[in-house]
S.K.: 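Mind having a look at this structure? Questions to follow.
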Amino acid sequence: MTHTDLIPSRRGWLALSPMIVFLTLYVAVSAMIGDFYKMPIAVALTAASAWGIGVVMRGSLSDRIGVFSRAAGHSDILYMIWIFVLAGAFASMAKEIGAVDATVALTLRVFPPQLLLPGMFLAACFISLSVGTSVGTVVALAPLAAEMAGAAGAPTAMYVAAVIGGAFFGDNLSFISDTTIAATRTQGCRMDEKFRANIRIVAPAALVSFIAYVFIGSDFTTAMPGLSPAAATPWLIAPYLLIIALAVAGINVAIVLSAGIAATFALGLAGGHDALTLCGYMGAGIDSMGNLIIITLMAAGLLGVIKSAGGIDYLLQRLTARISGARGAQACVAALVGIVNLCTANNTVAIITTGAISRDIARTYGITPRKTASLLDTASCIVQALIPYGAQTLLATALAGISPAAPWPYMVYPWALAVSVGISVAWVRKKREK
């Protein structure tokens, strides 16, 4: 940790100040006025980025803007934008030809209204566990969640929150998840070992969330308002079945969405829509992703500025300075990856960034590699699920047409998981003291 010992507090806090500016403008201001719709995330990110480039960074203006631009234009960010574009095109066209209404109608005929919300949570858990990606799960289920919420007379944010929570269930556990791969490789343990340690933390949280959603969902009844005649055409659900099947098979999400677009386009032509009209639907969907794309680029650039200025290294320095005992070491690992995730808005990046130092902490205080890997993955997923500027929440809320902060009151699973992590840390320590 000698490389972080060189960062004085004044410089460290200055490097972190762009994130503080953003959180103050968006979270604090929105909380004070009681309305998270008033302060747009894009405006808060722009102000924080201007602060970071103009005040925090050193060097010529062109060099500082270059740091921001390289972070915003990273290949991972541009790939994510491709996913947003494809998702917008698919979601819009599927809705316009009646595929969404048909899927909702069929679901409502099969399941009682009281089980729609917990059923959506379970579906997200299953798909995410199968595909290993929360983004792919959100793409498949968020549009359906929005329509089912409307049909059941429930808040859209409630159903979207269930999808986001379930999406991170599999992201945390799946053997093919990039977070699982990163956590096990940095800690030097096998995936099955990490899974066994993880399931003890995750299963209670998932069970509590399912039961909670059963009770919450029972307050709403199915009204079936405004469904189009296409709702009576069950073969229109084919695009969604195709997307889920391909996703479960482990196909790349960009290919999955492309196949869904092609299938939806063919169904649209068969249903009497002309090709130009269908292209118009896709164009409208792509246009609807514009704000999301801007937010993604601005957030990536801002986080690049913070990292370049030494903010991440300073966090590592401060959080590892006062560890006391095995319990404190485990709490430090969880806090370390969580706070870095707060600053990077990417759980995989957070795990990789803190992996080496977490491994050193684990060895020093006798924590098993599987436990450390589980803590890294789980804590990062908790934070990623809760931040309104994470890619999964931004995509889900954009597809559902709600504010990124709207799901917060219904995010049962991440909070239950946080409690479960806390109990796990305390319980393991208590057993060792006997």
S.K.: Where does the angle between the aromatic ring planes of W13 and Y314 fall among parallel (under 30°), tilted (30 to 60°) and perpendicular (over 60°)?
M.R.: perpendicular

S.K.: Less than 4.5 Å apart, any side-chain heavy atom of F169 and any of L122?
M.R.: no

S.K.: I need the L267 CG to L242 CG distance, nearest 0.5 Å.
M.R.: 10.0 Å

S.K.: Can you give me the closest heavy-atom contact between A385 and I164, atom names plus distance?
M.R.: O-CG2, 4.2 Å

S.K.: Could you grab the distance from atom CG of L14 to atom OG of S9, nearest 0.5 Å is fine?
M.R.: 12.0 Å

S.K.: Over all heavy atoms of both residues, which pair between I367 and A329 is shortest? Give the atoms and the distance, please.
M.R.: CD1-CB, 3.6 Å

S.K.: Around atom OH of Y79, are there more than 12 heavy atoms from other residues, nucleotides or ligands closer than 6.0 Å?
M.R.: yes

S.K.: As a quick check of understanding, evaluate side chain to side chain contact (heavy atoms under 4.5 Å, CB included) for S358 and L336, giving each step before the final call.
M.R.: CA-CA 8 Å; S358 296; L336 195 65; 4.0 Å; yes

S.K.: Taking side chain as C-beta onward, heavy atoms only, is L61 less than 4.5 Å from I53?
M.R.: yes

S.K.: For L342 and M19, work out which heavy atoms get closest and say how close.
M.R.: O-CE, 3.6 Å

S.K.: Side chain to side chain contact (heavy atoms under 4.5 Å, CB included) between V425 and R327: does it pass, once the steps are laid out?
M.R.: CA-CA 6 Å; V425 170; R327 178 190 293 174; 3.8 Å; yes

S.K.: So does A42 get a backbone contact from the side chain of T46, meaning a donor-acceptor N/O pair under 3.5 Å?
M.R.: yes

S.K.: Mind running side chain to side chain contact (heavy atoms under 4.5 Å, CB included) on L386 and W415 for me, showing each step along the way?
M.R.: CA-CA 9 Å; L386 291 173; W415 291 115; 3.7 Å; yes

S.K.: Would you say N341's side chain and N347's backbone share a donor-acceptor pair under 3.5 angstrom?
M.R.: yes

S.K.: Please tell me if the side chains of S17 and V56 come closer than 4.5 Å, counting only heavy atoms from C-beta onward.
M.R.: yes

S.K.: Nearest 0.5 Å, please: how far is OG1 in T348 from CG in L376?
M.R.: 11.5 Å

S.K.: Considering residues at least two apart in sequence or located in another chain, which fulfil the salt bridge (Lys or Arg N to Asp or Glu O under 4.0 Å) criterion with D171?
M.R.: none

S.K.: Side-chain contact test, heavy atoms from C-beta onward, threshold under 4.5 Å: evaluate it for F90 versus P143 and give yes or no.
M.R.: no

S.K.: Angle class for the F22/Y389 ring planes (parallel below 30°, perpendicular above 60°, tilted otherwise)?
M.R.: perpendicular

S.K.: Quick check: does any side chain N or O of S92 sit under 3.5 Å from a backbone N or O of A89, one acting as donor and the other as acceptor?
M.R.: no

S.K.: As an exercise, state the distance from CG of L302 to NZ of K307, rounded to the nearest 0.5 Å.
M.R.: 14.0 Å

S.K.: Ignoring hydrogens and geometry, is there a side-chain-to-backbone donor-acceptor pair from S420 to A416 under 3.5 Å?
M.R.: no

S.K.: Can you see which heavy atom on A72 is nearest to which on I77, and at what distance?
M.R.: O-CG2, 3.3 Å

S.K.: With heavy-atom distances below 4.5 Å as the criterion, would you say the side chains of M158 and V412 are in contact?
M.R.: no

S.K.: Measure across T397 and L394 and return the closest heavy-atom pair with its distance rounded to 0.1 Å.
M.R.: OG1-O, 3.2 Å

S.K.: On a heavy-atom basis, which atom in V160 and which in A396 lie closest, and how many Å separate them?
M.R.: CG1-CB, 3.9 Å

S.K.: Do the non-hydrogen side-chain atoms of V139 and L86 ever get within less than 4.5 Å of each other?
M.R.: no

S.K.: Taking G355's backbone N and O only, do any of them form a donor-acceptor pair with Q187's side chain (distance below 3.5 Å, no angle check)?
M.R.: yes

S.K.: Hey, are the side chains of P414 and F168 touching, using non-hydrogen atoms and a 4.5 Å cut-off?
M.R.: no

S.K.: Would the distance check show the side chain of T24 and the main-chain N or O of I20 forming a donor-acceptor pair, the cut-off being under 3.5 Å?
M.R.: yes

S.K.: Look only at the side chain of T137 and the backbone of A167, and say whether a donor-acceptor pair between them is shorter than 3.5 Å.
M.R.: no

S.K.: Any chance you could lay out the side chain to side chain contact (heavy atoms under 4.5 Å, CB included) test for M120 and Y213, step after step, and finish with the verdict?
M.R.: CA-CA 10 Å; M120 184 62 66; Y213 283 133; over 6 Å; no

S.K.: For a 4.5 angstrom cut-off between non-hydrogen side-chain atoms, does Q392 reach Q384?
M.R.: yes

S.K.: Given 3.5 Å as the limit, does a donor-acceptor pair link the side chain of T393 with the main chain of P404, or not?
M.R.: no

S.K.: Output yes when a side-chain donor or acceptor of T186 lies under 3.5 Å from a complementary backbone atom of I352, and no otherwise.
M.R.: no

S.K.: Can any side-chain N or O of Q330 pair as donor or acceptor with the backbone N or O of T372 at less than 3.5 Å?
M.R.: no

S.K.: Between atom CG of L116 and atom OH of Y159, what is the distance when rounded to the nearest 0.5 Å?
M.R.: 4.5 Å

S.K.: Could you state the interatomic distance from OG1 (T156) to CD1 (I402), rounded to the nearest 0.5 Å?
M.R.: 6.0 Å

S.K.: Side chains of T179 and N172: is there a donor and an acceptor less than 3.5 Å apart?
M.R.: no

